[in-house]
Amino acid sequence: MEIMYLGQASFQLRGERVVDVNPIQKPARGNIALYSTRQSTRQLVVDGPGEYEIGGVLIATAQAGSKDSGVLVHSVTMGNLNLVHLTVGGDDLSERALEDLGKVDILLVQADEVAEAQAAIQKLEPRVVIPFGSRAMELCIALGVPQPRTETRFSWNGTTNAPKAVLLKPSGAKRRAA
């Protein structure tokens, strides 16, 4: 699976299919579009709780927090990897949501609130953490990774050793001169 960070809470996952999570550009470019909040669109999207299989991609979507919050958590299984995209803290995940999401290989977690992100990591026990948001670097340091790999994309097959945390920069981001 290859993961590209597109900015904000938007990622593109590439495997057997292309899955856009919270695509910034609408309509999404991938085969499947997943949103963390409900959307009104005519495109094929997953924006409600349930289990889906689209083109060989298994998707489990769970409600996070109260139903009024409208926040969704997605688990995407492609190949032999299960990736979870989480924009809320660990306290917002019920036991049922944790069961629905399954064993987590890669966690894309919003790091605007480090303590909440750490609670989610503790509950989900991912093999690899990819934080995003305003305090992503701070979360990496809290996880014991003071100098995480900074990449435009991350590829992993699940069988080789993986880093504990990877810091992705939006694709197309320009490097600053030192």
Side-chain angles (χ1 to χ4, degrees), residues 1-55 57-78 81-93 97-98 100-102 104-114 116-117 120-121 124 126 128-137 139-140 150-156 165-173:
M1 179 185 302
E2 181 179 78
I3 304 162
M4 291 185 304
Y5 180 47
L6 304 175
Q8 299 172 13
S10 181
F11 289 84
Q12 188 172 76
L13 317 176
R14 292 178 176 261
E16 299 91 38
R17 299 273 187 234
V18 177
V19 178
D20 291 324
V21 182
N22 292 326
I24 296 169
Q25 184 175 5
K26 295 180 185 178
R29 292 181 176 175
N31 304 110
I32 304 166
L34 307 176
Y35 291 93
S36 295
T37 57
R38 295 195 183 266
Q39 302 289 310
S40 59
T41 179
R42 295 186 186 274
Q43 184 182 16
L44 175 62
V45 300
V46 174
D47 71 347
E51 292 183 7
Y52 310 87
E53 182 178 353
I54 303 171
V57 177
L58 301 175
I59 300 165
T61 300
Q63 181 74 45
S66 69
K67 288 185 179 182
D68 294 338
S69 74
V71 177
L72 303 171
V73 179
H74 301 288
S75 165
V76 178
T77 303
M78 284 195 286
L81 293 175
N82 183 27
L83 177 142
V84 170
H85 182 274
L86 184 64
T87 60
V88 295
D91 293 340
D92 292 328
L93 298 174
L98 292 171
D100 290 346
L101 297 174
V104 180
D105 295 303
I106 302 171
L107 176 63
L108 306 175
V109 62
Q110 187 160 3
D112 291 343
E113 297 295 331
V114 173
E116 287 182 14
I121 292 166
L124 294 169
V128 178
V129 174
I130 300 177
F132 62 94
S134 61
R135 297 173 69 190
M137 179 60 86
L139 179 59
C140 288
T150 302
E151 311 276 338
T152 55
R153 58 186 71 211
F154 174 66
S155 294
W156 187 47
V166 175
L167 194 58
L168 293 179
K169 60 184 173 185
S171 58

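All values below come from the heavy atoms of this structure, side chains included, with hydrogens, waters and symmetry mates left out.
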Nearest heavy-atom contact between Val129 and Pro126 is CG2-CG, 3.7 Å
Residue set satisfying side chain to side chain donor-acceptor pair (under 3.5 Å) with Arg17, at least two apart, ordered chain then number -> none
Is there side-chain contact between Ile32 and Ile59, with at least one heavy-atom pair below 4.5 Å? yes
Would you tell me whether Asn22 and Ser10 have side-chain atoms, one donor and one acceptor, within less than 3.5 Å of each other? no
*Run the numbers on Val84 and Leu108 for side-chain contact (heavy atoms from CB on, under 4.5 Å), then give the verdict.*
CA-CA 6 Å; Val84 170; Leu108 306 175; over 6 Å; no
Between the CE atom in Met4 and the CD atom in Glu151, the distance rounded to the nearest 0.5 Å is 13.5 Å
| field | Short side-chain to backbone donor-acceptor contact, Asn82 and Leu101, under 3.5 Å | value | yes
Just by modelled atom types, is the Pro49 backbone N or O under 3.5 Å from a matching donor or acceptor in the Thr61 side chain?
no
Report yes if the side chains of Leu13 and Val21 come closer than 4.5 Å at any heavy-atom pair, otherwise no.
yes
**Asked** Is there side-chain contact between Arg153 and Leu168, with heavy atoms separated by less than 4.5 Å?
**Response** no
Margin query: Just so I know, are the side chains of Val128 and Phe154 near enough to count as touching, which here means a heavy-atom distance under 4.5 Å?
Written below: yes
For the residue pair Val109 and Ile130, establish whether any side-chain heavy-atom pair is separated by less than 4.5 Å.
-> no
Report yes if the side chains of Leu86 and Leu93 come closer than 4.5 Å at any heavy-atom pair, otherwise no.
yes
Item to complete: Determine, step by step, whether Leu34 and Asp20 satisfy the side-chain contact (heavy atoms from CB on, under 4.5 Å) criterion, reporting the C-alpha distance in whole Å, the side-chain angles of both residues, the deciding distance to 0.1 Å, and the verdict.
Response: CA-CA 6 Å; Leu34 307 176; Asp20 291 324; over 6 Å; no
- Task: Could you give me the CA-CA distance, side-chain angles and deciding distance for Leu124 and Leu98, then say whether side-chain contact (heavy atoms from CB on, under 4.5 Å) is met?
- Result: CA-CA 7 Å; Leu124 294 169; Leu98 292 171; 3.4 Å; yes
When every non-hydrogen atom of Ala60 is compared with those of Asp100, the smallest separation belongs to CB-O, 3.4 Å
OG (Ser75) and CD1 (Ile106) are apart, to the nearest 0.5 Å, by 11.0 Å
Got more than 12 heavy atoms from elsewhere within 6.0 Å of CD, Glu2?
yes
Hits for ring-ring contact (aromatic ring centres under 6.0 Å, His included) against Phe11, two or more places apart or cross-chain, chain-then-number order -> Tyr5, His85, Phe132
Closest heavy-atom pair, Ile24 versus Gly7, reported as atoms and distance to 0.1 Å, is CD1-O, 3.7 Å
### Query
In terms of heavy-atom contacts, does CD of Glu16 have more than 12 from other residues, nucleotides or ligands at under 6.0 Å?
yes
Note: Met1 and Leu83 closest approach over all heavy atoms is SD-CD1, 3.8 Å
- Query: Would a distance-only check, ignoring hydrogens and angles, find a side-chain to backbone donor-acceptor pair under 3.5 Å from Asp112 to Ser134?
  - Reply: yes
